[in-house]
Amino acid sequence: MPASHSNLQIDSERLWGTIHETAAFGATPKGGVRRLTLGPEDKQVRDWFRRACEAAGCEVHVDALGTMFALRRGRDMSKPPLGIGSHLDTQPTGGKFDGSLGTLAALEVVRTLNAAGIETETPLCVINWTNEEGSRFAPAMMASGAYAGDFTADDILGRNAAEGITVAQALSEIGYNGDEPVGARRLGGFVELHIEQGPILEAEGKTIGVVHNGQGIIWYDGRVTGFASHAGTTPMPLRRDALATFAEIVLAVERIARELGPDAVGTIGETTIENASRNVIPGDLTFTIDVRSASAATLDKFDIMLRKVFAEIATRRRAEVALDQIWRKEPPQFDARLVDAVETAAKELGYSHRRITTGAGHDACNLATVMPAAMIFVPCKDGISHNELEDATQADCAAGANELLHTVLALAGVAGRD
Ligand code: HGY
Ligand code: MN
Ligand code: MN
């Protein structure tokens, strides 16, 4: 960290105000935020973000998947910008901090540099990645995945939401179908601030998490096909009950995760009984599975065990169980030089810190496959996230933003004061 700026601090009140001002877009009665990607509330926060970045002197560019790049010029514009940011979309019952903290803290870094009249050597780019959550459109971290080359933009533009609208239609409806080709904007690296979304930092009383690796993810779409028949006249031994079959599947996922744990988790987050009726034995249902581990070998084992157990359940229950892997993300490794820069900044700022693995997926996990990337975590209350109760303290948010500021100064260099 350049000595001349070691005492530079972000404006904690301004950041806290920004977090709460934007939380109004999609605010829920329970104090959370429902801002599904590319919906009307996402448009509101995007428009706000564009205005705020332009007011901070940035040029805002939008790519074909709606990702927003707010460019702050540096002294040497021949260098690819250092990317900072996160996402502004949320889960259906999301909170005020997941994604918002990282995106708004990146804006706060720019505002702080502006106020201090500091020009960085390398340009900066504050980024709002489209559809990190993957709730309305699969997969999660969708736009950063396309930027990293995991998907083509056309593939993603054709993805459907449950309500039958495509990504392309949703982008056009909110006016964020940008003309910049996905991946065309070169970045020299990416640093993302995020709440931990887990209990470790809070439990250990640490302010900063220096994220050095993460979990790989597999997403499946599943279908159980039994036989719909009369709830009153079908004897129990003759039933091919899709829901009872599914019940065994749910417990099998939990058992396999526990067996392969602690470095394995498995979740069935969605299920739909088709043509459900209280006096019809369920014949068809669909479901999703989310499997994670920081070990690729464990992911492989999980997949093999799932398929074996599901086949046994299907045979015994005379049902069909289909499992379609729709997404696999290998466990990310973050860049040693950038991770060291985060750790050094924490030491120099005097923040208690520890190295940590991210259990959640993040856009930085995708970026790490194509450029140097790192993440900074701060604690959240009781480790709760993807829940309207999600909460964090102003002090921890400020510490995270200061940590981001000084990591940026170390990586982007200071060209001088205006
Ligand atoms: O699923 C995830 O880990 C991220 O929160 N979208
Ligand atoms: Mn997030
Ligand atoms: Mn999330």
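Order of appearance sets the numbers: ligands from 1, and atoms from 1 within every ligand.
When the shell of 6.0 Å around CG of D324 is examined, it contains more than 12 heavy atoms from other residues, nucleotides or ligands. Counting non-hydrogen atoms of other residues, nucleotides and ligands closer than 6.0 Å to CZ of R355 gives a total above 12. No more than 12 heavy atoms of other residues, nucleotides or ligands sit less than 6.0 Å from atom CD of E270.
Polar contact with ligand 1: absent for W219 (N/O pair, distance under 3.5 Å). Between G361 and ligand 1, at least one pair of N/O atoms sits closer than 3.5 Å. The shortest N or O to N or O distance between E132 and ligand 1 is below 3.5 Å.
Residue H194 approaches the Mn ion (ligand 2) most closely through its N/O/S atom NE2. If you look at D98 and ask which of its N, O or S atoms sits nearest the Mn ion (ligand 3), the answer is OD2.
Close approach of ligand 1 to A360 is summarised as follows: ligand atoms under 4.0 Å from at least one heavy atom of the residue are 3 (O).
The side chain of H386, and not its backbone, has at least one atom closer than 4.0 Å to an atom of ligand 1 (non-hydrogen atoms only; side chain from C-beta on).
Residues T67 and A143 share a closest heavy-atom pair of OG1-CB, 3.3 Å. Nearest heavy atom pair, residue T103 against residue V126, reads O-CG1, 4.1 Å. A pairwise comparison of heavy atoms in V253 and F302 identifies O-CZ, 4.0 Å as the closest pair.
Nearest protein heavy-atom contact of atom 1 (O) of ligand 1 is R292 NH2, 2.8 Å.
Taking backbone and side-chain atoms together, H87 has no N/O/S atom less than 2.8 Å away from the Mn ion (ligand 3). At least one N/O/S atom of E133, whether from backbone or side chain, sits less than 2.8 Å from the Mn ion (ligand 3).
Remark: E248 engages R316 in a salt bridge, criterion side-chain N to carboxylate O under 4.0 Å.
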